[in-house]
Enquirer: 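Please read through the structure below; I'll follow up with questions.
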Amino acid sequence: MSDPAFKSDFLQTMQARGYIHQISHPAELDAAARDGTITAYVGFDATASSLHVGNLISIMMLRRLQQAGHKPVVLMGGGTTKVGDPSGKDESRKLLTDADIAGNIASIRTVFEKFLTFGDGPTDAVMVNNDDWLSKLGYIEFLREYGPHFTVNRMLTFDSVKLRLEREQPLTFLEFNYMLMQAVDFLHLNRNRGVQLQMGGSDQWGNIINGVELVRRMDQKAAFALTTPLLTTASGAKMGKTAAGAMWLNADMLSPYDYWQFWRNAEDADVGRFLRLFTDLPLDEIARLEALPGAEINEAKKVLATEATRMLHGEAEAQRAAAAAQMAFEQGGLSADLPTHEVPAADLTAGVQLADLAVAAGLAGSKGEARRLAQGGGLRVNDKAEPDANRIITDAEFVDGVVKLSAGKKKIVLVRPV
RNA sequence: GGGGGAAUGUCCCGAGUGGCAAAGGGGGGGGACUGUAAAUCCCCUGCGGUAUCGCUUCGUAGGUUCGAGUCCUACUUCCCCCA
């Protein structure tokens with residue numbers, strides 16, 4: 001799997017930082033990346049208006065690619081999104097309208113602009129939408145053009161298919177065709193933009209390989225596949241999924257403060273790996289940080305949080321998030337940059353029930369949950385545990401114009417009258 | 001086309017005898033211990049209420065019953081076997 005003797009900067013970096021799980025033609029790709037500029041792409045779904053932390057590793061691959069002097073292509077799955085991603089099985093796949101999809105893509109693009117440099121230059125990133133070509137395909141045309149290049153025999157050998165069949169779970173014809181559409185994407189990009197490499201998560205290996213083979217078979221051109229390891233936390237949980245929901249990348253869906261906190265709360269065992277994957281810090285610096293003993297590893301986590309936040313939200317936001325966290329956690333003080341919930345001043349004068357306030361501030365999902373939280377000792381008002389969620393909060397409780405509400409040790413919200 | 005099964009707490013898996021807000025896991029939340037970590041232990045996990053109260057839940061729609069997740073009918077979806 002791993003070919004240790006890469007000569008190209010790109011693959012050396014990718015390997016050293018832990019991005020590589022499988023490569024289809026390692027030596028050939030290495031030579032291509034060493035001798036010239038290669039163009040590579042990663043496909044992304046357009047089902048939501050923001051990508052999340054789970055997509056970050058793919059985004060970072062494109063960033064590394066560009067840093068190494070190559071050209072990244074971001075493929076938005078506008079066309080495939082229309083069909084609906086079949087792998088998200090039972091979930092009521094809501095049918096997105098063209099306008100929804102276009103809106104999502106525009107929103108997602110703002111994130112890519114943080115990680116990549118877009119433009120018309122030879123190594124500038126470009127964003128394309130597979131709806132542009134997929135939706136024009138006629139069924140007969142599709143079958144005649146691409147059908148002969150795939151055997152069902154072979155398609156049945158792919159893990160994604162095999163597992164379903166072995167477990168006797170249904171596999172729809174739509175899903176069965178998904179890999180063909182992805183292969184067509186690769187071929188199209190190769191022909192029109194000279195794309196030679198598709199990257200993605202390890203679960204995409206089969207799909208990517210189909211594209212590689214289609215390009216090689218139909219056009220006798222070089223095409224490569226590169227996948228990343230499946231990213232889980234050290235304790236085996238999927239990256240970026242917490243109770244609070246997905247860790248979104250768009251600031252309007254997840255604040256820089258919360259994003260910083262997400263990285264700050266990484267497990268010890270993940271710190272080094274995350275630093276290599278998700279920051280631009282030099283490897284020797286990372287080696288030093290991850291070797292910090294005992295509680296000192298927290299320093300490394302702060303670096304991780306600040307670096308990751310800086311990359312996505314910028315220097316100013318990263319510093320504010322770091323400072324707010326320091327105030328709140330290390331000095332027990334308050335920072336104006338903590339998450340804030342605004343309440344009409346008149347309501348506070350009259351008094352608001354604590355449970356209602358906690359729900360409104362997002363600390364609890366329902367009043368019942370707020371009550372339980374309070375009874376368990378997890379709800380605090382101005383750092384004092386408050387077992388009675390029915391208590392009425394008035395503006396008399398305010399210190400410096402705010403009341404500090406916390407649920408557990410990590411969730412803090414400032415209530416501010418307006 | 002015929003026959004047989006299955007859908008459960010809207011995160012997942014999964015028990016369920018006509019009296020059930022419904023066993024048990026996982027996941028998640030809180031507390032203790034720590035370092036905003038892991039591991040461990042304890043508590044909580046449908047919504048609302050100051051109470052041993054009310055409301056809403058077991059694929060959908062009807063029905064039987066004082067009472068239905070549990071019985072009957074139709075429908076939907078999925079799986080298996082035969083053709």
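So that the names make sense, note that chain A is the first sequence line, chain B the second, and so on, each numbered from 1.
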Enquirer: Roughly how many Å apart are A23(B) and G14(B), using the C1' atom of each and rounding to a whole number?
Expert: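 Taking atom C1' in both G14(B) and A23(B), they lie 10 Å apart.
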
Enquirer: On RNA chain B, compare the nucleotides closest to Ala295(A) and Val359(A); which residue's is nearer the 5' end?
Expert: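 The residue closer to the strand's 5' end, by nearest nucleotide, is Ala295(A).
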
Enquirer: Can you tell me how far P of C47(B) sits from CD of Glu369(A), to the nearest Å?
Expert: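 After rounding, the gap between these two atoms is 7 Å.
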
Enquirer: Looking at Ala396(A), is its backbone amide N or carbonyl O close enough to the side chain of Thr394(A) to form a donor-acceptor pair, meaning the two atoms are under 3.5 Å apart?
Expert: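 Yes; at least one donor-acceptor contact below 3.5 Å.
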
Enquirer: Which nucleotide wins on minimum distance to the side chain of Lys367(A), given the candidates G29(B), A37(B), G49(B)?
Expert: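 Ranking G29(B), A37(B), G49(B) by closest atom to the Lys367(A) side chain puts G49(B) first.
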
Enquirer: Using the P atom in both, what is the distance from G5(B) to G16(B), to the nearest Å?
Expert: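 These two P atoms come out 16 Å apart once rounded.
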
Enquirer: Nearest whole angstrom, please: distance from the C1' of G48(B) to the CD of Gln353(A).
Expert: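 That distance rounds to 11 Å.
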
Enquirer: Quick one: does any side-chain atom of Ser406(A) pair with a main-chain N or O of Ile412(A) as donor and acceptor, under 3.5 Å?
Expert: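 Not at all, since once roles are kept as given, no pair shorter than 3.5 Å links the two residues.
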
Enquirer: Tell me whether the guanidinium CZ or amine NZ of Arg264(A) lies under 6.0 angstrom from the six-membered ring centre of Tyr259(A) and within 45° of its axis.
Expert: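 So Arg264(A) doesn't make the cation-pi contact.
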
Enquirer: Quick test of your reading of the model: are Asp280(A) and Arg64(A) salt-bridged, counting only N-O distances below 4.0 Å?
Expert: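 Arg64(A) and Asp280(A): salt-bridged.
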
Enquirer: Would you call C43(B) syn or anti, using the 90° rule around 0?
Expert: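 Judged by the O4'-C1' to base torsion, C43(B) sits in anti, the angle falling more than 90° away from 0.
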
Enquirer: Between Asn390(A) and U50(B), does any side-chain N or O lie under 4.0 Å from OP1 or OP2?
Expert: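 Yes, Asn390(A) has a side-chain N/O under 4.0 Å of OP1/OP2 on U50(B).
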
Enquirer: Would you tell me if any nitrogen or oxygen in the side chain of Arg391(A) comes within less than 4.0 Å of OP1 or OP2 on U50(B)?
Expert: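 For U50(B), OP1/OP2 do not have a side-chain N/O of Arg391(A) under 4.0 Å.
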
Enquirer: Among all residues two or more places apart in sequence or in another chain, which pass the side chain to side chain contact (heavy atoms under 4.5 Å, CB included) test with Asp30(A)?
Expert: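 Asp30(A) satisfies side chain to side chain contact (heavy atoms under 4.5 Å, CB included) with Phe6(A), Lys7(A), Ser8(A), Leu11(A) once adjacent residues are dropped.
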
Enquirer: Give none if U40(B) has no partner; otherwise give the nucleotide forming a Watson-Crick or G-U wobble pair with it, both distances under 3.5 Å.
Expert: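 Because both required distances fall under 3.5 Å, U40(B) counts as paired with A32(B).
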
Enquirer: Taking G54(B) as the reference, what is the distance to U70(B) when you measure between their P atoms (whole Å, please)?
Expert: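 The same atom, P, in both gives a distance of 22 Å.
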
Enquirer: In whole angstrom, give me the gap between the P atoms of G9(B) and G59(B).
Expert: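 Each nucleotide's P atom is 8 Å from the other's.
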
Enquirer: Using a heavy-atom cut-off of under 4.0 Å over every strand shown, decide if Lys411(A) touches base, sugar-phosphate, or nothing.
Expert: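 Contact class for Lys411(A): sugar-phosphate only.
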
Enquirer: Regarding Arg63(A) and the six-membered ring of Phe278(A), is the cationic atom NZ or CZ under 6.0 Å from the ring centre and inside 45° of its axis?
Expert: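 No; the conditions do not both hold, so Arg63(A) does not lie above the ring face of Phe278(A).
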
Enquirer: With a 4.0 Å cut-off, would you call Glu299(A) and Lys302(A) a salt bridge?
Expert: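 Looking at Lys302(A) together with Glu299(A), the answer is yes, because their closest N to O distance falls below 4.0 Å.
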
Enquirer: In whole angstrom, give me the gap between the P atoms of U57(B) and A83(B).
Expert: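 After rounding to an integer number of Å, I get 45 Å for this pair.
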
Enquirer: Please determine if Asp356(A) and Lys367(A) form a salt bridge, counting it only when a charged side-chain N lies under 4.0 Å from a carboxylate O.
Expert: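 The answer is yes: the pair qualifies as a salt bridge.
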
Enquirer: Write down the protein N/O and nucleotide N/O pairs, taken from nucleotides 31-34 of chain B, whose separation is under 3.5 Å; answer none if there are no such pairs.
Expert:
residue : atom : partner   : partner atom : Å
G31(B)  : OP1  : Arg380(A) : NH1          : 3.4
A32(B)  : OP2  : Lys409(A) : NZ           : 2.9
U34(B)  : O4   : Lys409(A) : NZ           : 3.4

Enquirer: Using a heavy-atom cut-off of under 4.0 Å over every strand shown, decide if Arg264(A) touches base, sugar-phosphate, or nothing.
Expert: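 Answer is base: heavy atoms of Arg264(A) come under 4.0 Å of a base.
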
Enquirer: Which value, in whole Å, describes the distance between the P atoms of nucleotides G3(B) and U64(B)?
Expert: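 About 28 Å, rounded to a whole number of Å.
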
Enquirer: Would you tell me if any nitrogen or oxygen in the side chain of Ser366(A) comes within less than 4.0 Å of OP1 or OP2 on G46(B)?
Expert: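 No, no such contact exists.
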
Enquirer: If you measure from the C1' atom in C72(B) to the same atom in A68(B), how many Å do you get, rounded?
Expert: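 Per the computed distance, 11 Å lies between those C1' atoms.
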
Enquirer: In whole angstrom, what separates Glu386(A)'s CD from G30(B)'s P?
Expert: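 Distance check: Glu386(A) CD to G30(B) P gives 18 Å.
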
Enquirer: What's the CG-P distance between Leu363(A) and G30(B), to the nearest Å?
Expert: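 Whole-Å distance recorded here is 10 Å.
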
Enquirer: From the list U36(B), G49(B), G48(B), which nucleotide is the closest neighbour of the side chain of Arg371(A)?
Expert: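 Looking only at side-chain atoms, Arg371(A) lies closest to G49(B).
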
Enquirer: For G62(B), what is the paired nucleotide under Watson-Crick or G-U wobble rules, both distances under 3.5 Å?
Expert: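 The answer is C72(B), by the H-bond criterion.
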
Enquirer: Distance check, P atoms only: G19(B) and G26(B), in whole angstrom units.
Expert: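 Per the computed distance, 28 Å lies between those P atoms.
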
Enquirer: Under 4.0 Å: is that the gap between some side-chain N or O of Lys302(A) and OP1 or OP2 of A37(B)?
Expert: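 For A37(B), neither OP1 nor OP2 has a side-chain N or O of Lys302(A) closer than 4.0 Å.
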
Enquirer: With a non-hydrogen cut-off below 4.0 angstrom, is Gly365(A) in contact with a base, only sugar-phosphate, or nothing?
Expert: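 No contact.
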
Enquirer: Atom CD of Glu299(A) and atom P of U36(B): how far apart are they, to the nearest Å?
Expert: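 The answer, rounded to whole Å, is 11 Å.
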
Enquirer: Could you please name the partner base of A6(B), counting Watson-Crick and G-U wobble pairs only when both distances are under 3.5 Å?
Expert: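 Across all strands, the one nucleotide that pairs with A6(B) is U77(B).
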
Enquirer: What's the CD1-C1' distance between Ile392(A) and G49(B), to the nearest Å?
Expert: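 In whole Å, G49(B) C1' lies 14 Å from Ile392(A) CD1.
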
Enquirer: Examine the base of U36(B) for any acceptor or donor lying under 3.5 Å from a partner atom in the side chain of Gln261(A), and report the outcome as yes or no.
Expert: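 Present.
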
Enquirer: Would you kindly give the CD1-to-C1' distance between Ile297(A) and A37(B), to the nearest whole Å?
Expert: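 Atom-to-atom, Ile297(A) to A37(B), this comes out as 9 Å.
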
Enquirer: For the backbone of Phe224(A) and the side chain of His25(A), can you confirm whether one donor and one acceptor N or O come within less than 3.5 Å of each other?
Expert: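 Side chain of His25(A) to backbone of Phe224(A), a donor-acceptor pair under 3.5 Å: no, none is there.
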
Enquirer: Of all the nucleotides listed (G30(B), U36(B), C44(B)), which has the minimum atom distance to the side chain of Leu373(A)?
Expert: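 Closest nucleotide among those given: G30(B).
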
Enquirer: Rounded to whole Å, please give me the gap between NZ in Lys301(A) and P in G35(B).
Expert: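 To the nearest whole Å, that distance equals 12 Å.
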
Enquirer: Are the aromatic ring centres of Tyr146(A) and Phe150(A) under 6.0 angstrom apart?
Expert: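 When the ring centroids of Tyr146(A) and Phe150(A) are compared, they turn out to be at least 6.0 Å apart.
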
